[in-house]
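Quick note on labels: first sequence line is chain A, next is B, and so on, each numbered from 1.
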Protein chains: 4
Amino acid sequence: MSSSDSPTSRTGRPRSTEADAAILEATRASLVDLGWSKLTMGDVATRAKVAKTTLYRRWAGKNELVVDAVAVLFDELELPDRGSLAADVQGVVLQFAALLERPETRTALMAVVAESTRDDSLRRRIRSAIVDRQKRLVLLGRERAQARGELRYEADASTAARNADLIFDVIAGAVVHRTLVSAEPVDAEWASGFTTLLLLGLAGTQEP
Amino acid sequence: MSSSDSPTSRTGRPRSTEADAAILEATRASLVDLGWSKLTMGDVATRAKVAKTTLYRRWAGKNELVVDAVAVLFDELELPDRGSLAADVQGVVLQFAALLERPETRTALMAVVAESTRDDSLRRRIRSAIVDRQKRLVLLGRERAQARGELRYEADASTAARNADLIFDVIAGAVVHRTLVSAEPVDAEWASGFTTLLLLGLAGTQEP
Amino acid sequence: MSSSDSPTSRTGRPRSTEADAAILEATRASLVDLGWSKLTMGDVATRAKVAKTTLYRRWAGKNELVVDAVAVLFDELELPDRGSLAADVQGVVLQFAALLERPETRTALMAVVAESTRDDSLRRRIRSAIVDRQKRLVLLGRERAQARGELRYEADASTAARNADLIFDVIAGAVVHRTLVSAEPVDAEWASGFTTLLLLGLAGTQEP
Amino acid sequence: MSSSDSPTSRTGRPRSTEADAAILEATRASLVDLGWSKLTMGDVATRAKVAKTTLYRRWAGKNELVVDAVAVLFDELELPDRGSLAADVQGVVLQFAALLERPETRTALMAVVAESTRDDSLRRRIRSAIVDRQKRLVLLGRERAQARGELRYEADASTAARNADLIFDVIAGAVVHRTLVSAEPVDAEWASGFTTLLLLGLAGTQEP
DNA sequence: AAATAACCGAGACGGTACGTCTGGTCTTAAT
DNA sequence: ATTAAGACCAGACGTACCGTCTCGGTTATTT
């Protein structure tokens, strides 16, 4: 997803779609090799065999470029129906942790989040490119659990949204914190312990 | 806390202790004004009315300096006995959230965490200067809850440690994620919802 | 005068003659506004409401374009018969000085001469487009003076050519140097002093 | 001669005088190899084994740097007493022509003059660094000729100054024009013809 | 009338240099 | 030995132009 959602100007030479792909690929490669702080626009351009101007024509800067380069990785996240809410939660936890262990995301994700605290447009970009991709899994998981009868349907829509947000922050926050701050592995054991804690908490809130 | 634990050399001009404080103060001020990415060593030096050399004699670089400058803010975190585990948890959540709302921490915390993914010594510094300061509150809160009879004493030490780590990652992770990634406020309502979820989860694990 | 003396290809859309004029006009305007070094092909194209491609189809580069744009100004130089060699010389000096005071020529002439020291084709273009236009005045003036009896007819053709070249370099050189290097005005007084010096010198060489 | 005539700040690391010399030397070498228009600050810095910042700390840009780099060559101009005004003039003409034939000056002199038409500070720099160095030879030559009795002492100082300026513009202008515009060699024959013309002109003005 | 061919505008392309900024080091004189 | 000051090297920044290329479209001449 390029930066500009331009009105597809009809005139002039069209932008190279190959360049787009090469740049994002090069960005990920550079992240792996150099990490966020050592990554430079010039290096990305060189790897992509593209002029620096071509980068800047599409992305305002390093932040925007990296968000887009990393965002596509979050498309890998899926939620196959594992038969129970517990299995689904544990699955998504392990899947998300695996994604965070990848060097591209490991070095980049927190960095762009840090930048986004001073840049609203960057925050919006992160939200639409990354956060929403994750949150959709939570919503999907809840629907399945409700269909299975593991969770109640919530009457009030805004309460339902608040609860989904809470669960999302708890899951994503715990996994990110464990992985990047505590720097401990998210293995099956941890995932199991976390899932138990979460589901008991959810079950408690469902009591009459 | 200065970087070098120098062997207190006896000869020559002694280091100015005022400089240390001025530098850390200037670092926080610069973080507030410029944010992490725009903060420069030269700017900090200018604000602190100190030569750049003086900075580099004490800290290896921007990362280390910022960790130390921000770490002291985490000393504010306290856990007054509010009478119940629920009150204690909610208190620490709100307190931690308030700290993350401050522009210094908001812009710096995730940034240094991101850097730490490629720098073990930085990670160790973050752990000892920041993470351990937070984790101690979890341990303290558990002890109080156990003394009150709200939680059981755990027989196995390593299980106890694992559980404490899990709870810590859940609390800190959720608050950080809510604040910085979701960019939504941690108000009393959210804190209450989160506390309920967490305590129900904990209670469930205490059942026979 | 366009760059290419194309073989007048018969087929296809012919080049716009309006574009040629608009480009040269725009080039002079840009020279006045921006000066030689700040003038860009893109700016000229924009002013002329023409695509950059259209410029490059006609001229090899900035140097060639500017020579042609400025050359036409040298067509203004004339040598009306003022009745005496002294009056003719003084007239041409003032006329040439006035041309050099124009911002277009002032900023461009020495620049293209400088470039021509490393580019033979450019030097040839300057010679045919500019220098020869000036030199013809010297030849014309000499003929008139000879017709009036103020100067002798020279027997040897090559000597005659050498002398014309010398006089040309002296006149043009002195005026250019006074105007652009010394940056002093060529007013009637200076022109008079210079003319006196030159004519006495010429007269001396005519003695038996 | 460095750009800044700073008040020789007492504090801090002093500027490297070796760097100054290396930069000017590198500039001349780059002029020889690349010519004025292809010369870049980066290339000069590389040749001088100096950081680009070091260049910009001393000179505002390419123009100023080149003027200073070339100016020193004009110190070579001398006026040994050759016994007669004619010999002195011819000597200085050939000497100046030889200087203009050098690739450094050939490519650079007219270029900076062209730039100076839009930059007064550059014009002043050229005047003090180059023009005045040449003009002093004219003044010296006139004094010698007057001492020898070849020229009269001029009563009025301002007239004397005007005449010196005129002679200077004629000599320098003719040589520059012959060399760079006409692009013909200034050999002994041309120098002789020019000297004859000039001296006859001067002699004429000395008549009662 | 259709085909051909060179033109036109717009604007993206790979490159190169710009002049500035920052990081981190080094050299002074002074403390 | 440390300090403030500031010069030093190295290298990335984001911008501006260069001269080329690629589009869709526009005139002309030639069939």
Side-chain angles (χ1 to χ4, degrees), chain A residues 6 9-16 18-19 37-46 48-62, chain B residues 6 9-16 19 37-43 45-46 48-62, chain C residues 6 9-16 18-19 38-46 48-62, chain D residues 6 9-16 18-19 37-43 45-46 48-62:
Chain A
S6 64
S9 73
R10 203 75 41 190
T11 173
R13 177 174 174 175
R15 288 192 181 166
S16 162
E18 295 171 21
S37 61
K38 298 273 173 63
L39 176 146
T40 69
M41 297 297 267
D43 177 70
V44 171
T46 303
K49 291 177 186 171
V50 144
K52 248 197 313 174
T53 36
T54 302
L55 261 75
Y56 283 107
R57 204 172 286 120
R58 289 163 162 77
W59 289 278
K62 185 168 149 169
Chain B
S6 65
S9 65
R10 211 155 308 275
T11 173
R13 175 172 172 174
R15 288 190 182 169
S16 160
S37 62
K38 298 274 172 65
L39 176 146
T40 69
M41 297 299 267
D43 178 69
T46 304
K49 292 176 185 172
V50 144
K52 259 202 302 177
T53 350
T54 303
L55 262 73
Y56 282 105
R57 203 171 289 115
R58 290 164 162 80
W59 287 277
K62 181 168 152 172
Chain C
S6 62
S9 64
R10 211 153 307 274
T11 177
R13 176 174 174 176
R15 287 188 184 167
S16 160
E18 295 169 20
K38 298 273 173 65
L39 177 146
T40 69
M41 297 297 267
D43 178 70
V44 171
T46 303
K49 292 176 186 172
V50 144
K52 258 200 305 176
T53 354
T54 303
L55 263 74
Y56 282 107
R57 204 173 287 120
R58 290 162 162 79
W59 288 277
K62 181 169 153 172
Chain D
S6 63
S9 71
R10 203 75 43 194
T11 173
R13 177 174 174 174
R15 289 192 181 166
S16 160
E18 295 170 21
S37 59
K38 298 273 173 66
L39 176 145
T40 69
M41 298 298 267
D43 177 69
T46 304
K49 292 176 185 172
V50 144
K52 253 196 310 175
T53 34
T54 302
L55 261 75
Y56 283 107
R57 202 173 289 118
R58 291 162 161 78
W59 288 279
K62 185 168 149 170

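We find that CG of A:Leu55 is positioned 14 Å from P of F:dA12, with the value rounded to whole Å. When rounded to the nearest whole Å, the span between NZ of A:Lys38 and C1' of E:dG23 equals 12 Å. Distance B:Arg57 CZ to F:dA5 C1': 13 Å, rounded to the nearest Å. Atom-to-atom, OH of C:Tyr56 to P of E:dA6 comes out at 23 Å; the value is rounded to the nearest Å. Distance NZ (B:Lys62) to C1' (F:dA12): 13 Å, rounded to an integer number of Å. For the pair C:Glu18 CD and F:dT27 P, the interatomic distance rounds to 12 Å; values are reported in whole Å. Between B:Lys49 atom NZ and F:dT2 atom C1' there is a gap of 20 Å when expressed in whole angstrom units.
A sub-4.0 Å separation between OP1 or OP2 of F:dG25 and a side-chain N or O of A:Thr11 is absent. For E:dC8, neither phosphate oxygen OP1 nor OP2 lies less than 4.0 angstrom from any side-chain nitrogen or oxygen of C:Arg15. A sub-4.0 Å separation between OP1 or OP2 of F:dA4 and a side-chain N or O of B:Thr54 is present. At the phosphate of E:dT25, neither OP1 nor OP2 sits under 4.0 Å from any side-chain N or O atom of B:Thr53.
Here the shortest heavy-atom pairing between D:Arg58 and D:Ala19 reads NH2-CB, 4.0 Å. Smallest separation of non-hydrogen atoms from D:Asp43 and D:Thr40: N-OG1, 3.0 Å.
Here A:Lys52 lies in heavy-atom contact (under 4.0 Å) with a base.
You'll find the side chain of C:Met41 stays beyond 4.5 Å of the side chain of C:Val44, heavy atoms only.
Candidate nucleotides F:dC8, E:dC18, E:dG9 were compared by shortest atom distance to the side chain of D:Arg58, and F:dC8 ranks first. Listed candidates were E:dC13, E:dG23, E:dG9. Nearest to the side chain of B:Met41 is E:dG23.
Here OG1 of B:Thr53 is found 6.0 Å from CZ of B:Arg57. Values are rounded to the nearest 0.5 Å.
With hydrogens and angles left out, the side chain of A:Arg13 and the base of F:dC21 share a donor-acceptor pair within 3.5 Å.
Within the 3.5 Å criterion, the main-chain N or O of A:Ala45 finds no donor-acceptor partner in the side chain of A:Lys52.
Taking the nucleotide of DNA chain E with the nearest heavy atom to each of B:Gly61 and A:Val50, the more 5' of the two is matched to A:Val50.
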